[in-house]
Amino acid sequence: MAYWLMKSEPDVFGIDDLERVRIEPWDGVRNYQARNMMRDQMKLGDLAFLYHSNCEVPGIVGIMRIEREGYPDETARDPESKYHDPAATTDNPRWYRVDVGFVRRLPRNVPLSELKARAELAGMPLVRKGNRLSVMPVTPQEWQCILNMAGE
DNA sequence: GCCAACGTTGGC
DNA sequence: GCCAACGTTGGC
């Protein structure tokens, strides 16, 4: 089983929303690196941290589970969607999504400022300046370190 | 709201 | 295939 971290803006979709809906298609990802990971590497039962970005206190707030492996992101072919991509076709969907499920909130949120201060986490793309990757792998060591920081 | 850093696009 | 221009991300 692998570990991941996925970013979302809480104003758009945050932990409160996930807890309410329980399962959510993770659509709208329009970055090839992130797409490839969702399409090729994420497996049913993998766990992922939910990270709140672009908000007052950016940080990790909860845990999700992959409930469905990569499949075409239909929002790309929907002209009404803000994620519409004219280049996406039925033959070549171009973009993929997974379904994630709510697992639990962390006992306390772990803000980015604390993640940056940890030597064990210095290898995470998340803490590197200018990194915009919205889906990234997390090592078991990093996963455990963050759980500890969250008070689990 | 600002702006640095980055990925993508498209002209050549 | 290069690279400038552009749009986006996301911390602050």
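A note on names: the letters A, B, ... follow the listed sequences, proteins ahead of strands, and every chain is numbered from 1.
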In whole angstrom, what separates A:Phe13's CZ from C:dG10's C1'?
19 Å

Just the rounded figure in Å: distance from P of B:dA5 to CG of A:Asn31.
19 Å

Can you check the A:Lys7 NZ to C:dT8 C1' distance for me, whole Å?
12 Å

Under 4.0 Å, counting only non-hydrogen atoms across every strand here, what does A:Arg35 touch: a base, just sugar-phosphate, or nothing?
nothing

Gap between atoms NZ and C1', on A:Lys129 and C:dT9 respectively (whole Å):
15 Å

Find the distance A:Asn54:CG to C:dT8:C1' and express it as a whole number of Å.
11 Å

When you get a sec, tell me which of C:dG11, B:dT9, B:dG7 is the closest nucleotide to the side chain of A:Arg94?
B:dT9

Checking contacts here: which listed nucleotide (C:dG10, C:dG11, B:dA4) is nearest the side-chain heavy atoms of A:Tyr51?
C:dG11

For A:Asp99 against A:Pro25, the heavy-atom pair lying closest together
OD1-CA, 3.3 Å

Between C1' of C:dG11 and CG of A:Leu112, the distance in whole Å
8 Å

So, A:Asp91 and A:Thr89: side-chain donor and acceptor under 3.5 Å apart, yes or no?
no

Which whole-number value in Å describes the distance from A:Gln33 CD to B:dA5 P?
19 Å

Looking only at side-chain atoms of A:Ser134, point me to the closest of B:dA4, C:dG11, C:dG10.
C:dG10

Take the protein atom CH2 of A:Trp95 and the nucleotide atom P of B:dG7, then report the distance between them rounded to whole Å.
13 Å

Which of these, A:Val61, A:Leu126, A:Val110, A:Ile60, sits in a side chain to side chain contact (heavy atoms under 4.5 Å, CB included) with A:Phe49?
A:Ile60

Of the candidates C:dC12, B:dT9, B:dT8, the side chain of A:Lys116 sits closest to C:dC12

Rounded to the nearest 0.5 angstrom, the CD-CG distance for A:Glu69 and A:Asp46 is 8.0 Å

